[in-house]
Amino acid sequence: MLEKLVMYLQHPLVIHALIVGVLIALCSSLLGVTLVLKRYSFIGDGLSHVAFGVMCVATVLNLTNNMVIVLPGTILCAILLLRTGQNAKIQGDAAIAMVSVGSLAFGYLLVNIFSTSSNLTGDVCSTLFGSMSILTLTDSEVWLCTALSLVVVILFVLLYNRIFAVTFDEAFAKAVGTKTSLYNLLIAVIIAVIIVLAMNLVGSLLISALVVFPALSAMRIYKSFKSVTVCSAILSVLSAFLGILIATLAGTPVGSTIVAVDVGVFLLCYGMGALKGGVRG
């Protein structure tokens with residue numbers, strides 16, 4: 001097993017997959033704590049369905065580079081979700097349900113009507129649940145993912161204090177002059193970018209697990225926002241790294257394996273929190 005692992009780690013495609021997987025996991029965990037605390041964690045699930053719908057449109061149009069339409073489309077829907085969720089007549093959770101279910105349904109309807117593949121079921125399952133395509137990433141895809149991930153991390157570090165204020169007391173932050181709507185919009189846009197990057201890794205239906213599980217795991221052990229964020233990032237990166245290695249060696253689906261590791265880490269942290277009387281998640 002060890003010899004097989006060493007052999008795989010010498011292959012550039014596996015290294016690429018590990019780099020992309022770790023970066024996506026890191027970005028997901030940073031914003032995950034904020035979304036969980038704001039009780040808006042399902043925005044990841046909603047936007048993942050939107051990304052699926054937009055990707056179906058790109059497939060029907062025979063676009064060779066799906067990112068050209070998927071990234072702007074998902075960001076636009078993130079902005080619309082935020083604006084709609086602030087409407088008194090349509091609350092945030094209802095807006096997410098409307099957009100996510102609608103996008104999923106119309107996307108699947110489009111690829112069925114204008115099918116461009118003989119293996120429609122396989123293509124849809126790969127998009128929804130992830131595939132081994134993470135192990136066939138091109139150099140350009142790796143560089144794009146690295147660049148976008150660095151932008152997300154830099155923005156989070158630079159705006160940490162404002163994100164902290166918006167997360168815990170949005171009303172007070174607004175009262176002291178913080179442009180809360182702007183930072184909420186920025187959070188939504190960053191999440192949209194993360195969702196699009198993560199589609200090849202875990203698939204549309206499993207993306208929210210990358211956002212939610214590391215944050216909940218860290219909350220079982222630590223209390224402060226900074227400690228939870230750092231712990232969440234570490235746990236997320238380790239889970240992604242271990243999940244990709246297990247999937248490579250065992251031949252299991254990458255996305256499902258990473259999420260299974262995240263669930264295992266959460267159960268472990270839950271037990272540790274219970275033993276030391278940690279915070280209740």
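Being a predicted model, the structure only gives us computed values, none of them experimental.
The cluster map of Ile, Leu, Val, Met, Phe, Trp and Tyr, joined by side-chain heavy atoms under 4.5 Å apart, puts Phe266 and Ile234 in different clusters. Connection of Ile258 to Val212 is established within a shared hydrophobic cluster, with ILVMFWY side chains joined at heavy-atom distances below 4.5 Å, either directly or through further cluster members. Placement of Val22 and Leu148 within a single hydrophobic cluster is found when ILVMFWY residues are connected by side-chain heavy-atom separations under 4.5 Å, directly or transitively. Clustering ILVMFWY residues whenever any of their side-chain heavy atoms sit less than 4.5 angstrom apart, transitively, puts Val153 in a cluster other than the one holding Trp143. Clustering ILVMFWY residues whenever any of their side-chain heavy atoms sit less than 4.5 angstrom apart, transitively, puts Leu238 in a cluster other than the one holding Leu23.
Considering SG of Cys269 and OH of Tyr222, their distance stands at 9.5 Å, rounded to 0.5 Å. The NZ atom of Lys179 sits 10.0 Å away from atom CZ of Arg162, with the distance rounded to the nearest 0.5 Å.
Each of Thr229, Val211, Ile187, Val166 was evaluated against Thr34; a single residue qualifies, Ile187, per the side chain to side chain contact (heavy atoms under 4.5 Å, CB included) test. The side chain to side chain contact (heavy atoms under 4.5 Å, CB included) test with Cys145 is passed by exactly one of Val196, Ile24, Leu150: Ile24.
For the pair Ile194 and Cys27, the tightest heavy-atom approach, listed with the atom from each and the gap, is CD1-O, 3.3 Å. Counting all heavy atoms, side chain and backbone alike, Gly243 lies closest to Val261 at CA-CG2, 4.0 Å. For the pair Val50 and Gly73, the tightest heavy-atom approach, listed with the atom from each and the gap, is CG1-O, 4.5 Å. Nearest heavy atoms, Ser217 versus Asp262: OG-O, 4.5 Å. The nearest pair of heavy atoms linking Val228 to Ala218 is O-CB, 3.4 Å.
Ring-plane geometry between Tyr160 and Phe156 is classed as perpendicular, the angle between the planes exceeding 60 degrees on a 0 to 90 degree scale with a lower cut at 30.
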Verdict with supporting geometry, Phe241 and Leu18, side-chain contact (heavy atoms from CB on, under 4.5 Å): CA-CA 6 Å; Phe241 186 83; Leu18 288 172; 3.8 Å; yes
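Checked by atom type and distance alone, the side chain of Ser29 pairs as donor or acceptor with a backbone atom of Leu26 at under 3.5 Å.
Here Phe164 and Tyr183 keep their ring centres 6.0 angstrom or further from each other.
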